[in-house]
There are 2 protein chains.
Amino acid sequence: MSIHRDIRSPSQDCGACPIRHRAVCARCEADELEQLEQIKYYRSYEAGQTVIWSGDKMDFVASVVTGIATLTQTMEDGRRQMVGLLLPSDFVGRPGRSSAAYDVTATTDLVMCCFRRKPFEELMASTPHIAQRLLEMTLDELDAAREWMLLLGRKTAREKIASLLAIIARRDASLKEPRANLGSITFDLPLTREEMADYLGLTLETVSRQMSALKRDGIIRLDGKRHVTIPSFDALMDETGDDSDGGFLV
Amino acid sequence: MSIHRDIRSPSQDCGACPIRHRAVCARCEADELEQLEQIKYYRSYEAGQTVIWSGDKMDFVASVVTGIATLTQTMEDGRRQMVGLLLPSDFVGRPGRSSAAYDVTATTDLVMCCFRRKPFEELMASTPHIAQRLLEMTLDELDAAREWMLLLGRKTAREKIASLLAIIARRDASLKEPRANLGSITFDLPLTREEMADYLGLTLETVSRQMSALKRDGIIRLDGKRHVTIPSFDALMDETGDDSDGGFLV
DNA sequence: TCCTGGAGTTGATCTGCATCAAGGCGGTTC
DNA sequence: GAACCGCCTTGATGCAGATCAACTCCAGGA
């Protein structure tokens, strides 16, 4: 469903830096690769570190190489809403804007591949493939954001939790084994209860209660706080409120 | 704040079709205009008509010329969430995908400027400016979607209503008078109470009650059901929960 | 003129989630 | 190993918004 799958599969890896792949490699234009190579640099962050604050000057665009970052918005009184989850190969920043629109935070140890903004914009102006790849990626993110709007506006707490678990499970499974059928899946939650709450528009207490309820009902198994097994992916999907044939969420 | 403002201003009009303007005119490449001209056609819809159903084959991309359309998602049990509001100059459809992802509905009489998808994709592949303009537009929509996520996840009913009114008021004011300062504004609501509810993740009763409450508190004045005056835009903004300096919403 | 039906309002009641509060469970530090 | 701290769980209670229901308003049609 997601165009992300191909790049996340190790078999199609074509370099350490996702944006190289996603922006260019599909067409394999040697020149563009070479030019991108010259303006890129890597940065790493520790789990919990803030990459950039909303409103700060942001003179680069970047893509996630390894780890997970989050985009969050905060209201004056402290209410927080996570508006994006950045996984390996996802893009952050936007050509043509010089300041960040959201707080970007590393939730796990994180490596990003950065490109200085000005040279990147120039490169984009001269090589159509880059803009086209970015457009595809952005349209995917827009679809994901809109599916998340349905979740935030209309789903119950239980459906929200089930949806989040399904997304993480599906992504995790396809990372490990792209063509695996989704019977039983085991993975580690990359988010705290509070982060889950911020993503789902809930409180951490409600997240905790619903996790316990799903466990009690045999939909999930919990080993410690973070290690989750989904005995039946189909049973989990039944709790999400979605119709069976997936969606656009990352 | 929005890059939409320039095109909506009549003074910068450069043709009846927004996508021509937004995709190309900023650079004024005569050839591209000419080519776009050859593959475009207009369609009109009456208020209430459905433009396309989610899942249907969609062999065109289009932009709104006049009127308002909505994008909605529906769950199996009938819960509905509006995920986008298409105003004049907004784009719908996506290159590279052949079926619609949402229901698209005309809420007012609507004229759209359509381009057959295949020729449009070919044109996009050969003319970098189009992809770049589309990328900008899509990034704007993504910002708007993310701001809406904050609204859906964390705002109270009153804040949601105030935010929606502020957005409509601001857009309406800038349409009529781009540089007007936002003191007192009068406009007609283009949405029914139910549509407002679907957009805000509320029920129509709650929308109605909060409208009455805002009226009682002197934040808005109502003349009939739809005709609204905002005596003080600042007072309205105080009810939105946003910090003062606007946002990315359309 | 009355009739009809869609849109909106308002009231009474219910409920899902938030809020407030009190612990429990590992892991780390000294 | 005791003390601490971040993360999580669970319970008791409150409330915003959903739900159910009755009613008004107004435009259009016969």
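The chains referred to below are lettered A, B, ... by the order of the sequence lines, with proteins before strands, and numbering in each begins at 1.
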Atom pair distance, as rounded to whole Å: [atom1] in [X] and [atom2] in [N]:
X	N	atom1	atom2	answer
Lys155(B)	dA16(D)	NZ	P	18 Å
Lys225(B)	dC26(D)	NZ	P	6 Å
Leu204(A)	dA18(C)	CG	P	10 Å
Lys160(A)	dC17(C)	NZ	P	8 Å
Glu159(A)	dC17(C)	CD	C1'	14 Å
Met211(B)	dG8(C)	CE	P	9 Å
Leu189(B)	dT9(C)	CG	P	10 Å
Ile161(A)	dG16(C)	CD1	C1'	14 Å

Fill in: Upstream residue (5' side of DNA chain D) when Leu191(A) and Arg154(A) are each assigned their closest nucleotide
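That would be Leu191(A).
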Worksheet item: Taking N and O atoms by type only, does the side chain of Glu205(B) place a donor or acceptor under 3.5 Å from a partner on the base of dC20(D)?
Response: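 Yes, a donor-acceptor pair under 3.5 Å.
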Worksheet item: With a 3.5 Å cut-off and just heavy-atom distances, do the side chain of Arg209(A) and the base of dT19(C) make a donor-acceptor pair?
Response: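 Answer yes: a donor N or O sits under 3.5 Å from an acceptor.
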Backbone of [Y] reached by a side-chain donor or acceptor of [X] within 3.5 Å:
X	Y	value
Trp148(A)	Ala145(B)	no
Ser208(B)	Leu204(B)	no
Ser99(B)	Asp56(B)	no

Worksheet entry | Closest to side chain of Leu222(A), choosing from dT9(D), dG17(D), dC17(C) |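 Nucleotide nearest to Leu222(A)'s side chain: dT9(D).
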Worksheet item: Can you tell which of dT10(D), dG17(D), dT9(C) lies closest to the side chain of Gln210(B)?
Response: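 Among dT10(D), dG17(D), dT9(C), the one nearest the side chain of Gln210(B) is dG17(D).
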Practice prompt. Output yes when Arg80(B) and Glu194(B) qualify as a salt bridge under the 4.0 Å nitrogen-oxygen rule, no when they do not.
Written response: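 Here Arg80(B) does not pair with Glu194(B) in a salt bridge, since their nearest N and O are not under 4.0 Å apart.
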Counting the atoms with a prime plus P, OP1 and OP2 as sugar-phosphate, which does [X] contact under 4.0 Å by heavy atoms, base, sugar-phosphate, or nothing?
X	value
Thr192(B)	sugar-phosphate
Arg226(A)	sugar-phosphate
Leu202(B)	sugar-phosphate

Discussion item. Please compare Glu194(B) and Gly201(A) by the position of their nearest nucleotide in DNA chain C and report the one closer to 5'.
Written reply: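 Per heavy-atom nearest nucleotide, the more 5' residue is Glu194(B).
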Item to complete: Please say whether more than 12 non-hydrogen atoms of neighbouring residues, nucleotides or ligands are located less than 6.0 Å from CZ in Arg43(B).
Response: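 No, because the 6.0 Å sphere around CZ of Arg43(B) holds 12 heavy atoms or fewer from other groups.
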Using only side-chain N and O atoms of [X], determine if any of them is under 4.0 Å from OP1 or OP2 of [N].
X	N	value
Thr206(B)	dG17(D)	no
Ser212(B)	dT9(C)	no
Thr203(B)	dA18(D)	yes

